[in-house]
Undergrad: 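Quick one: the structure is below, and I'll ask about it shortly.
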Amino acid sequence: MPIRRLPEHLVNRIAAGEVVERPFAVVKELTENALDAGARRIDVFFRGGGRTLIEVADDGCGMTRDDLMLAVERHATSKLEGDDLVRIGTLGFRGEALASIGAVARMSIVSRAENAPEAWEIRVEGGRVEEPRPAARPRGTTVSVRDLFFATPARLKFLRSEQAENREAAQTIRRLAMAHPEVAFLLATEKRRMVDLPVQTPEARMAAIMGRDFATSSFAVGAEREGYRLHGRASLPTLNHGQPSMQFLFVNGRPVQDRQLTGALRAAYRDVLAAGRHPYVALFIECAPELVDVNVHPAKREVRFRDPALVRGLIVRALREGLDAAAHRAADRLGEDLPSVVARRGQGGASLPPGLSRAVLEAQAPFPSAGTVEPVPAFGLAETSDVDARATPEGLNAADDPVACAPQVPDADMLSKPLGSAVAQFHDTYILSQTEDGIVIVDQHAAHERLVYECLKRQRESEGIAVQPLLVPEVVDLPPDHAEALLGAAEDLQSLGLKVEPFGDNAVVVREVPAVLAGGGIAKLVTDLAADMAEQELPLSLSERLDHVLATMACHHSVRAGRRLNREEMNALLREMEQTPRSAQCNHGRPTYVKLTLADIERLFGRK
Ligand code: ADP
Ligand code: MG
């Protein structure tokens, strides 16, 4: 076939494939244009999941008749001064959006420029541009896009359900709205208003988008390095989500969904969140335009920093510092739920509010830092407990004394410790302790898991993980691909104290284990580790993988729910938690303890 120049409408359709992949992309482009036009109010109507109608109306600067004719042409933009692709201060700059949308839909733009005596309308259908005609409208612009992709029916097949498209459109508006609290936004479908935000302060806008738990369950982030400034808020690990949809990242006011940046978030939260859980964050990076290239993605979702490693380091460090500082805080939901308890109590119901069981109150004083203490978790080694536990029929184990559960006299200084003095264990799972001004309930498995993990990490970072050779090496049967995955990492595992060797096709033999894990459960641990490694979809960095292995080990070997503990063991666990960084959350981000002050308890009983 001879080479030929493609006709304009075909070029536009091809470009449209990249710029407007799906309806939410149209919402994004049109809303960005409205923001660039200085709008203070933007109304978006979205019908039929965006297939039937997408309409974006703004009160921005508007366009003249001549502007309209140019605006719908490809590569026509008012946003680049000279040829400078570096200093880009607007959301748009490629001059492709309107031409692309006009190429694949039926588009009408009605606009009235500042001080213009009348409005004009221009229509473009499947790339065919009509002459502008006079119209009526106050200052601003309304772009209506009907029958999206009618000109490229193949695209229609890729659209998702109406609800999924609605959700994406709402998410798109929220992203832009987060960066522009000075603008009011409305997104309505034929059924409901999905986003409805008045002009707000930045704090109020953040709360409106992130939910009310975010304000109390997050910490402020602020850091600066070599021309890059980071600010915003990020959630405590206890506030997390199964999807990354609550992660809002901005570079110079532009929402980005950049893999490098989300990778930095993952790295920062790696120790405190289970794989597959995501923190809530609203983070803004500000830098001089020449330190970042925004022209690397057709939909401008990704950016390229001049110094990506520096930016990654800035984010990871700032978040880790914040997480460490907040380590002994967790989501405070109790306060909000109290009124409902009291109300229900009035009706004779005794049930606890939904939030209560998960409520964790801030520890009064921050725990002392780990300092020089190097405790080895007390419960990793013993498989069985020698406790002569006397469980009551309700499942309450009065620690030593079957009758009196009050702390004993020598406990006086333990009472003043943040996690108090152990009173009892109940359901073989929870430790109840008394503090000077209230009570603490500890989830022993979650707490111990964190302690083992932190201990393993400390050992690895200092003298290396203490190893115990097995007197009788343990043979573990595994599916061949799992065995292969495990043995592929044999060297790394050995550096963590786990020595595995091949044993036929379908098994491995374990010769050494970390001392802290000795005593049992090795087969199950190895089976799970191998499965994890075989199924890992993400290629993790070495240190990420090692941490993951340690976390898996810790999880397997911590005091399981169901183990009896005597008072001494319980108190030792509490003391160790006080000494261990990040012990307020388990490795999966769940709280390890709940604290209720006497005042809280009195309020629960309506005494106050
Ligand atoms: P870009 O935003 O990259 O410049 P677009 O195709 O999105 O490209 O828009 C082309 C031009 O049309 C813009 O540069 C701007 O001058 C004008 N324009 C588009 N939308 C609006 C609007 N809502 N209000 C005022 N002007 C607009
Ligand atoms: Mg644009």
Side-chain angles (χ1 to χ4, degrees), residues 8-9 11-21 24-45 54-105 107-116 119-124 127 129 132 135 137-145 148 172-173 175-176 179-180 183-186 252-255 289 294-301:
E8 172 90 1
H9 73 274
V11 172
N12 284 343
R13 277 182 201 174
I14 292 169
E18 293 186 323
V19 181
V20 290
E21 317 156 68
F24 78 85
V26 174
V27 171
K28 172 176 176 291
E29 294 294 338
L30 298 181
T31 307
E32 286 185 353
N33 281 347
L35 286 169
D36 283 342
R40 283 292 164 268
R41 150 140 229 116
I42 301 176
D43 294 311
V44 183
F45 298 97
I54 301 170
E55 187 171 282
V56 177
D58 69 59
D59 58 359
C61 65
M63 286 174 274
T64 63
R65 183 183 188 278
D66 290 349
D67 288 341
L68 278 174
M69 285 167 49
L70 271 175
V72 298
E73 269 180 36
R74 196 165 141 79
H75 300 313
T77 179
S78 60
K79 301 175 191 173
L80 281 185
E81 266 201 68
D83 299 337
D84 193 352
L85 262 181
V86 171
R87 311 201 142 263
I88 292 169
T90 49
L91 291 163
F93 58 86
R94 299 168 67 105
E96 281 185 315
L98 294 182
S100 298
I101 297 166
V104 295
M107 178 173 75
S108 139
I109 308 176
V110 180
S111 192
R112 178 161 166 186
E114 181 108 64
N115 305 324
W120 287 89
E121 174 179 12
I122 193 165
R123 290 189 187 191
V124 186
V129 183
R137 197 204 186 284
R139 192 192 89 147
T141 304
T142 301
V143 182
S144 313
V145 178
L148 181 63
T172 301
I173 293 292
R175 283 183 199 290
L176 288 164
H180 293 278
V183 179
F185 289 86
L186 172 72
N252 290 344
R254 178 189 300 284
V294 292
N295 187 26
V296 293
H297 188 280
K300 298 165 288 182
R301 264 204 303 271

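Whatever order the structure lists ligands and atoms in, that order sets their numbers, starting from 1.
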Undergrad: Asn33: which residues meet the side-chain hydrogen bond (donor to acceptor under 3.5 Å, both in side chains) condition with it, sequence neighbours left out?
TA: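 Here the qualifying residues are Lys79.
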Undergrad: Determine the minimum heavy-atom distance between Thr141 and Gly62, stating which atoms define it.
TA: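 Heavy-atom minimum between the residues: OG1-CA, 3.5 Å.
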Undergrad: Check for a donor-acceptor pair, side chain of Asn12 on one end and backbone N or O of His9 on the other, with a separation under 3.5 Å.
TA: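 Absent.
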Undergrad: Can you name the closest pair of heavy atoms from Met63 and Ser111 and give their distance?
TA: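 Closest pair (atom of Met63, atom of Ser111, distance): N-OG, 2.7 Å.
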Undergrad: Do Glu55 and Thr142 get their side chains close enough for a donor-acceptor pair, meaning under 3.5 Å?
TA: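 Judged by distance alone, the side chains do not pair up.
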Undergrad: Can you name the closest pair of heavy atoms from Ala39 and Asp59 and give their distance?
TA: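 Distance-wise, the nearest heavy atoms are CA-OD1, 3.2 Å.
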Undergrad: Within a radius below 2.8 Å of the Mg ion (ligand 2), how many protein N, O or S atoms are present?
TA: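 Under the 2.8 Å cut-off, the count stands at 1.
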Undergrad: With Arg40, which residues qualify under side-chain hydrogen bond (donor to acceptor under 3.5 Å, both in side chains), at least two apart?
TA: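 Here no residue qualifies.
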Undergrad: One pair per line, please: each N/O atom of ligand 1 matched with every protein N/O atom under 3.5 Å away, atom names first, then the distance to 0.1 Å.
TA:
| from | atom 1 | to | atom 2 | distance (Å) |
| --- | --- | --- | --- | --- |
| ligand 1 | 2 (O) | Asn33 | OD1 | 2.9 |
| ligand 1 | 2 (O) | Lys79 | NZ | 2.7 |
| ligand 1 | 3 (O) | Phe93 | N | 3.0 |
| ligand 1 | 3 (O) | Arg94 | N | 3.0 |
| ligand 1 | 3 (O) | Gly95 | N | 2.7 |
| ligand 1 | 4 (O) | Thr77 | OG1 | 2.5 |
| ligand 1 | 6 (O) | Ala97 | N | 3.2 |
| ligand 1 | 6 (O) | Leu98 | N | 2.9 |
| ligand 1 | 7 (O) | Asn33 | OD1 | 3.0 |
| ligand 1 | 7 (O) | Asn33 | ND2 | 2.8 |
| ligand 1 | 8 (O) | Gly95 | N | 3.4 |
| ligand 1 | 14 (O) | Thr77 | OG1 | 3.3 |
| ligand 1 | 14 (O) | Ser78 | N | 2.9 |
| ligand 1 | 14 (O) | Ser78 | OG | 3.2 |
| ligand 1 | 16 (O) | Ser78 | OG | 2.5 |
| ligand 1 | 20 (N) | Asn33 | ND2 | 3.4 |
| ligand 1 | 23 (N) | Asp58 | OD2 | 2.8 |
| ligand 1 | 24 (N) | Thr141 | OG1 | 3.4 |

Undergrad: State, with a plain yes or no, whether a side-chain heavy atom of Glu121 is found less than 4.5 Å away from one of Ser108.
TA: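 Yes, side chains in contact.
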Undergrad: A side-chain contact here means heavy atoms from C-beta on lying under 4.5 Å apart; do Val129 and Met69 qualify?
TA: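 Side-chain contact under 4.5 Å: no.
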